[in-house]
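Please read the structure below before turning to the comments.
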Amino acid sequence: MLELNLIRENPEFVKERLGIKNFEAGIILQHILELDKIRRDTKNKLDQCLAESKNISKEIGALLQAGKTLDVNVLKERTAELKVLTKTLDDAMRQAETQQNQLLIQLPNFPHPSVKPGKTAEDNEIVQSEGVIPVLAENAVPHWELCQRYNIIDFELGNKITGSGFPVYRGQGARLQRALINFFLDEGIKAGYLEYQPPLLVNEASGYGTGQLPDKDGQMYYINEDNLYLIPTAEVPVTNFYRDVILKESDLPIKNIAYSSCFRREAGSYGKDVRGLNRLHQFDKVEIVQIQHPEKSWAALEEMREHVVDLLQKLELPFRILRLCGGDMSFASAMTYDMEVYSAAQQRWLEVSSVSNFETFQSNRMKLRYKDTTGKIRLLHTLNGSALALPRIVAAMLENNQTEKGILIPAVLQPYTGFELIS
RNA sequence: GGAGAGGUGGCCGAGUGGUCUAAGGCGCACGCCUGGAAAGUGUGUAUGCUCCAAAAGGGUAUCGAGGGUUCGAAUCCCUCUCUCUCCGCCA
């Protein structure tokens, strides 16, 4: 959520920045400011009423103790009037406040000045590209066929017991999953992150805090009976650890890492994009989350990008990094890098990580703040990124490393898998 | 799932209708004391919204959350939620 102060002080600037995300904010901003005026005026009147009532109540108390019951009745008439007025003003103020908030949460975050305008994924900038795209043998096949050939991931068994998008990992496939999770966690810990194991279900307030609610509730699995949501990413619980928290400046930076299964309904997805491991309803991911001092968040974003690059290099996967254009960025992000690996048999790039700085957008919703050295309370910056999501890494690894003998496991993973070859 | 007891400031804890503007303690910060420290001692120590150009300061709200009763609620009533104890079930 954008900070109200900013909108009050410089609505034109806000409008211009949101334009980069192709968001026409003019009318909403105007309404927000109108409601703000109403809310504040009403608030002032209300506070005056409350103050008067409070004083009269004290007087009544004093009079009763002095035994002057007749005077009390006169005062009670006045408080009866005030009570009606208070109710009216309170309703009006709350209404203005609610409406204002409803409008505020419709505004996306604004992009960093370096973010280029653009409408679709076509307009994203490639900022880094590394690794050699392997030339595969003529009989090379996509990963879903390899999964079947080596019997390591069983999609049909998943269909049977749950439904599509819920594969069953088996034998060397299961061990590869476990190896990747441990590898990613260990690398994160080496880079200074603290490991967490969060709950996989969260409440409504958490969904709201990171921005999944109210807009994207259709993308989360929902447990009606207990009013809980299955997490689409560990970002949700791990960032919400700090909801309604005021940190000390000395607590910073906070660097957390968490493995979790992730659950996404992916309503509306279809076609060859969702084949095999490309898009699943349940998948595994290791997520990194940072809570940063506002002046250090941009350096932190680069550090996180470097961390992901390091992982991809170690896994020997050809990759490229995109800086998303305004139109392709998520609602809450100020800047996002997408990391994609090349899937040689499908001959396409697969997104395996997305690293973003949200600046104060999430922390404003969550009331995540810190007290600076002068005692002033300010919003913090939040960042997160995948490091990494498993399915597409596995897809690319299987396809790119396929040989006559089997699938080669990168050296760095072998201590984790306990084997060099899937065969 | 059943029964009972609870939720008060950073923490502990008093407070059962009227200066609660929340006692007291611990912690923390700053000062005094000291050669330095400890001890002692003094002062301060929440957050939101709002008024004010800003600072200083003021108003108002907040005692798990939301409603209600009352001139007046931390205190009484209702609903929800969380924690603890016992029973039941159970990895």
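The same atom, P, is picked in B:G44 and in B:C52; the two are 30 Å apart, to the nearest Å. When the C1' atom is used for both B:A22 and B:A46, the distance is 13 Å, rounded to whole Å. For the C1' atoms, the distance from B:G25 to B:G13 is 8 Å, rounded to whole Å. B:C30 and B:C49 are spaced 28 Å apart, taking the P atom of each and rounding to whole Å. To the nearest whole angstrom, the two C1' atoms, one in B:A65 and one in B:G6, are 16 Å apart. Nucleotides B:G58 and B:U21 are separated by 16 Å at their P atoms, to the nearest Å. Across the P atoms, B:U16 and B:A23 are found 15 Å apart, a figure rounded to whole Å. Taking the P atom of each, B:U8 and B:U60 are spaced 26 Å apart, rounded to whole Å.
Using a 4.0 Å cutoff to heavy atoms of chain A, the contacted part of RNA chain B runs 5' to 3' from B:G18 to B:G72.
Counting only residues at least two apart or in different chains, ring pair (Phe, Tyr, Trp, His ring centres under 6.0 Å) contacts with residues 22-81 of chain A are absent. Applying the salt bridge (Lys or Arg N to Asp or Glu O under 4.0 Å) rule to pairs touching residues 91-112 of chain A yields A:Lys87-A:Asp91, A:Asp90-A:Arg94, sequence neighbours excluded. The salt bridge (Lys or Arg N to Asp or Glu O under 4.0 Å) pairs that include a residue from residues 357-376 of chain A number zero, where partners must be two or more places apart or lie in different chains. The salt bridge (Lys or Arg N to Asp or Glu O under 4.0 Å) contacts involving residues 146-167 of chain A comprise nothing, where partners must be two or more places apart or lie in separate chains. Pairs of residues two or more places apart, or lying in two chains, that qualify as salt bridge (Lys or Arg N to Asp or Glu O under 4.0 Å) and include a residue from residues 182-209 of chain A are A:Glu187-A:Lys190, A:Glu187-A:Lys314. Screening residues 277-317 of chain A for ring pair (Phe, Tyr, Trp, His ring centres under 6.0 Å), with sequence neighbours left out, gives A:His112-A:Trp298, A:Phe166-A:His281, A:Tyr193-A:His307, A:His293-A:Tyr370.
Contact annotation for A:Lys45: no contact, since no heavy-atom pair falls under 4.0 Å across all strands. Counting non-hydrogen atoms under 4.0 angstrom, A:Ile60 reaches a base of the nucleic acid. Residue-level contact check: A:Lys58 touches the bases, meaning some heavy atom is under 4.0 Å from a base atom. Note on A:Arg39: only backbone sugar-phosphate atoms sit closer than 4.0 angstrom, heavy atoms only; bases stay farther off.
Pair assignment for B:U21: none, as no Watson-Crick or G-U wobble contacts are both less than 3.5 Å. Nucleotide B:A65: paired with B:U79 (Watson-Crick or G-U wobble, both distances less than 3.5 Å). Pairing partner, B:C26: B:G10, with both Watson-Crick or wobble hydrogen-bond distances short of 3.5 Å. Base pairing of B:U41 is made with B:G31, judged by Watson-Crick or G-U wobble geometry with both donor-acceptor distances under 3.5 Å. A 3.5 Å limit on both hydrogen-bonding distances identifies no Watson-Crick or G-U partner for B:U16. Under the Watson-Crick or G-U wobble criterion, with both distances below 3.5 Å, B:U60 is paired with B:G48. Pairing of B:U70, defined by two Watson-Crick or G-U wobble distances under 3.5 Å, is not identified with any nucleotide. Pairing of B:G88, defined by two Watson-Crick or G-U wobble distances under 3.5 Å, is not identified with any nucleotide.
Using modelled atom types, one side-chain atom of A:Asp123 and one backbone atom of A:Lys119 make a donor-acceptor pair closer than 3.5 Å.
For RNA chain B, the residues of residues 79-102 of chain A within the heavy-atom distance limit of 4.0 Å (strictly under) are A:Thr79, A:Lys83, A:Arg94, sorted by number. Near RNA chain B, meaning a heavy atom under 4.0 Å from it, residues 236-255 of chain A has A:Ile246 in order of number.
For the pair A:Leu180/A:Leu388, no side-chain contact is recorded, criterion being any heavy-atom separation below 4.5 Å from C-beta on.
Not counting sequence neighbours, A:His381 has no partner by the ring-ring contact (aromatic ring centres under 6.0 Å, His included) test. Every residue two or more places apart in sequence or in another chain was checked for a ring-ring contact (aromatic ring centres under 6.0 Å, His included) with A:Tyr259, and none qualifies. Scored by the ring-ring contact (aromatic ring centres under 6.0 Å, His included) test, A:Tyr222 finds A:Tyr229 as partners (sequence neighbours excluded).
Sequence order on RNA chain B of the closest nucleotides to A:Ala51 and A:Asn44 puts A:Asn44 first from the 5' end. Nearest-nucleotide positions on RNA chain B place A:Gly61 closer to the 5' end than the other of A:Gly61 and A:Asp47.
By the neighbour-count criterion of 12 heavy atoms within 6.0 Å, atom CD of A:Glu249 is densely surrounded, having more than that number from other residues, nucleotides or ligands. Atom CD1 of A:Ile27 sits in a sparse spot, with 12 or fewer heavy atoms from other residues, nucleotides or ligands closer than 6.0 Å.
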